Structures are given as structure tokens and as C-alpha cells.
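To keep things clear, I will list the structure first and then write my remarks on it.
Because the structure is predicted, anything quoted here is derived from the model rather than measured.
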Amino acid sequence: KFIDLINKIYPIKVENILMAPINNDFAKFFIAKQKSRGSKIHMFQHGNNYGQLKICPDEKIELNHSDFFYTWGWNSNLRMKNTKCNIVPFYPVNLTYVNELNLNKEKKEISIILKCHEDYFCQFQSTENYIHQKKYNESILSFQNNLKDEVIKNVSIRLHPTDKIYRYKKYLRSVKIHDGNENIFNFLKKVKLCVLTYNGTTYMNAFALNIPTIVFFSKNHTFFRETSEKYFDYLRDANIMFDDEKKAAEFINSIYPDVEKWWFDDRTQKNKKLFCDNFLNLDTGKKNKYDNLVKDLLKNEKNSLIKNH
């Protein structure tokens, strides 16, 4: 009945479908039916880890079921093995209207962004998961304990929107807690220094805003493919990324409160750009790039309808 309904509502084949992964079942059936009719699937990357992790099932599935995959900047040299489809280096569409912030040294807050607490196995990929949760929690406490008193008094914790404070309570010092429900971009604009504790999308958002950012997570729990590892070394060399929470805390102690001097240093910005050129294309002409893509596809769609009728 579902398929009959789809055929009734959408009897005409469409040439192209632009999409990101979805949870709507009706849309899934519609897309599958259109794919069986020969439609081209244009899939857009929707988060971090793509082109990076040694094992990334989402990337493999999406590449193998798409005709074109639009990345955040990386090219086919970084794709997973045994995947097909055309890789199109693009940009994060969700960042189309996001621009760098103006420098504001008056801000004081250092916010530690936590990942979603995992109580059970939910996906298989080469990054931290539920079996590492206790060690992850301990690293958060260790990081706080290694910050100087004049630094820790300005620290806050932002929970994942799906989390509750009781899951982390014994691993947190007396710091301000944010529940994670505020829009991430609005939140990041208020902080002086963003501290990411996992390889997630949030530090990409912070890079797009050009907010001072420190990232730390264990190399023993997160494994990158060989082709992408060198780009993370750019971040390590600029003291943006650390493999040890104690070293990350020591570095923050050495630069706070004048974190802007480090962040806007030529070397730091150069290394961040080398990373972003491959994983976070921030080209100022990005909106035109998307508009032109849609216009070209719509033109082809119109020509196909005229030809078939």
C-alpha cells in the first residue's frame, strides 16, 4: 500500500534528488522508488568523520548508494576503500550563511563541549564509543584538575542536547553547566575558548566562526585513515589538537587569558586553513556554488520533462 500510494502521488520519474540522510520513512520509499526508475542521487555530507575515520559505516553506505557525493571539501583520494560514486569536493551547506566573528577579547568563558553519553553499543566506527565511556569521563575530570585556579573559575560545561547532568556529575568540578539546548552557533559566539573532547562536528562549527578552539581525544580510541592523518598533524603542530588531556590543559594555562594572541598568530591560522581546505571548505563564494548546482540540475530536469512529454 505504501508503494501504491507513492506511485499515485509521484507517478513521474524525477531525474535528480538532492538529499542528506533522512529518517522520514515515506521519503525513504519515495527515493528508493525513484532510484529504481533511474533517478540520480546527489548526497550531501552532513557531519564530521567523513573522509577521516579508518572505519566509517555511514560514509561507506552513503557513497555506495549515491551517484554523486558532495563533501565538505575532501576529494576522492580520501574516500574509503571499496566505495563507488562520484566524489564532488563541495562545502558544508549548513554553513552557507555562517561567517567569521569579529575579535572580542572581553569574553572570558571557556566552554568544554561533551559528546553524547553512550550507555550501550549503537554504531561500529573507529572512534570512541560506549566501551570507552568511563575512560572518557575520567579524561574530562583530569582535564579540569590540571587547569589553574584562575582558569577553572571561567570554565563551563555544555552537555549534549540528549544528555542529563547526572551521567557526568561525579566527573565535573563546580563549574557552570549548559544543557545543550541553545543553538550551537549562538552558544559558540558567547565563549572565549571552545574545548572539544571528541572528533565531532562542533569544532568544525567553531572553525567556521574562527573562534579559538582546542580539541583533545585519545589516539587509542579514535583511528584515522592514513591518507587523512597528516591533516590532523597540522592541528597538532599548531597546538589546536592534543592526544592527551593533561597537555591540553597545560597549554591553556600558558595562553589564558590572551588566547587570541595564540589563535590569530600566523602559524595557527595557516595550519587551521591547511586542515579546513580539505575538510571544511570556507570559500566565500560557496552560496553561488550551491545555487549554480541547483540551477543546473533544475535545467536538466526541465529538459527531461519536455523530452518525455
Item to check | Asp243 and Phe216: CA distance, side-chain angles, deciding distance, side chain to side chain contact (heavy atoms under 4.5 Å, CB included) verdict | outcome: CA-CA 6 Å; Asp243 303 315; Phe216 73 83; over 6 Å; no
Checklist entry - Do Phe217 and Tyr198 pass the ring-ring contact (aromatic ring centres under 6.0 Å, His included) test, and can you show the C-alpha distance, the side-chain angles, and the key distance before you say yes or no? => result CA-CA 5 Å; Phe217 50 81; Tyr198 62 103; 8.5 Å; no
Next on the checklist: What verdict does the side chain to side chain contact (heavy atoms under 4.5 Å, CB included) test give for Leu159 and Ile157, after you've listed the backbone C-alpha separation in whole Å, the side-chain angles of each residue and the deciding distance to 0.1 Å?
Outcome noted: CA-CA 6 Å; Leu159 300 174; Ile157 296 286; 4.2 Å; yes
Checklist entry - Yes or no on side chain to side chain contact (heavy atoms under 4.5 Å, CB included) for Val88 and Leu293, after CA distance, side-chain angles and deciding distance? => result CA-CA 11 Å; Val88 183; Leu293 170 66; over 6 Å; no
Checklist entry - Passes side chain to side chain contact (heavy atoms under 4.5 Å, CB included), Lys295 versus Leu298? Steps please. => result CA-CA 5 Å; Lys295 287 176 182 177; Leu298 286 174; 5.8 Å; no
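Contact between Ser39 and Asp67 at its shortest, heavy atoms only, is O-OD2, 3.7 Å. When all heavy atoms of Leu63 and Arg79 are compared, the pair lying nearest together is CD2-NH2, 4.1 Å. Heavy atoms only, all atoms of each residue included: Leu18 and Leu297 are closest at CD1-CD1, 3.2 Å.
A side-chain donor from one of Thr96 and Tyr91 sits under 3.5 Å from a side-chain acceptor of the other. A donor-acceptor pair shorter than 3.5 Å can be found between the side chains of Ser142 and Glu245. Between Lys115 and Gln133, the side chains place a donor N or O and an acceptor N or O closer than 3.5 Å (distance only, hydrogens not considered). One side chain, Ser156 or Glu109, offers a donor N or O that lies under 3.5 Å from an acceptor on the other. Under the 3.5 Å distance criterion, with hydrogens and angles disregarded, no donor-acceptor pair is assigned to the side chains of Gln269 and Asp265. Side-chain atoms of Asp277 and Tyr231 form no donor-acceptor pair, as typed in the model, at a separation below 3.5 Å. Side chains of Asn199 and Asn49: a donor-acceptor N/O pair is present below 3.5 angstrom, by distance only.
The local environment of NZ in Lys54 is sparse, with at most 12 non-hydrogen atoms from other residues, nucleotides or ligands closer than 6.0 Å. Atom NZ of Lys40 has 12 or fewer heavy atoms from other residues, nucleotides or ligands within 6.0 Å. More than 12 heavy-atom neighbours from other residues, nucleotides or ligands sit within 6.0 angstrom of CD on Glu150.
The side-chain heavy atoms of Lys28 and Asn24, taken from C-beta on, include no pair separated by under 4.5 Å. For the pair Ile152/Arg173, a side-chain contact is recorded, criterion being any heavy-atom separation below 4.5 Å from C-beta on. The shortest distance between side-chain heavy atoms of Ile214 and Ile240 does not fall below 4.5 Å. Contact of the Phe68 side chain with the Ile41 side chain is not registered, since no non-hydrogen atoms from C-beta on lie closer than 4.5 Å.
In this structure, CD on Glu182 lies 6.5 Å from CZ on Arg158, to the nearest 0.5 angstrom. To the nearest 0.5 Å, atom CG of residue Asn99 and atom OH of residue Tyr97 are 11.0 Å apart. Atom CE of Met80 is separated from atom OG1 of Thr83 by 7.5 Å, given to the nearest 0.5 angstrom. Rounding to the nearest 0.5 angstrom, the gap separating the CD1 atom in Ile87 from the CD atom in Gln45 is 9.5 Å. Note: Trp263 CH2 to Ile255 CD1 = 10.0 Å, rounded to the nearest 0.5 Å.
Under the side-chain contact (heavy atoms from CB on, under 4.5 Å) rule, Trp72 has a single partner from Leu280, Leu95, Val93, Asn281, which is Leu280. Exactly one residue among Ile252, Val191, Val175 makes a side-chain contact (heavy atoms from CB on, under 4.5 Å) with Ile110. That residue is Ile252. Between Phe275 and the choices Tyr234, Phe232, Trp74, the ring-ring contact (aromatic ring centres under 6.0 Å, His included) rule is met once, by Phe232.
Scanning for side-chain hydrogen bond (donor to acceptor under 3.5 Å, both in side chains) contacts around Asp179 gives Asn181, with sequence neighbours left out. Contacts of Tyr50 classified as ring-ring contact (aromatic ring centres under 6.0 Å, His included), with partners at least two apart in sequence or in another chain: His46, Phe69.
Between His178 and Phe187, the two ring planes are perpendicular [angle over 60°; tilted spans 30° to 60°]. Taking the six-membered ring for Trp and thresholds of 30 and 60 degrees, Phe44 and Tyr70 have nearly parallel ring planes, at less than 30 degrees apart.
With respect to the salt-bridge test (charged N to carboxylate O, under 4.0 angstrom), the residues Arg225 and Glu59 qualify. The pair Lys270-Asp266 does not count as a salt bridge, with every side-chain nitrogen at least 4.0 angstrom from each carboxylate oxygen.
Cation-pi geometry between Arg236 and Phe242 is not satisfied (NZ or CZ under 6.0 Å from the ring centre, within 45° of the ring normal). Seen from the ring of Phe143, Lys246 does not count as a face-on cation partner, given the 6.0 Å and 45° thresholds.
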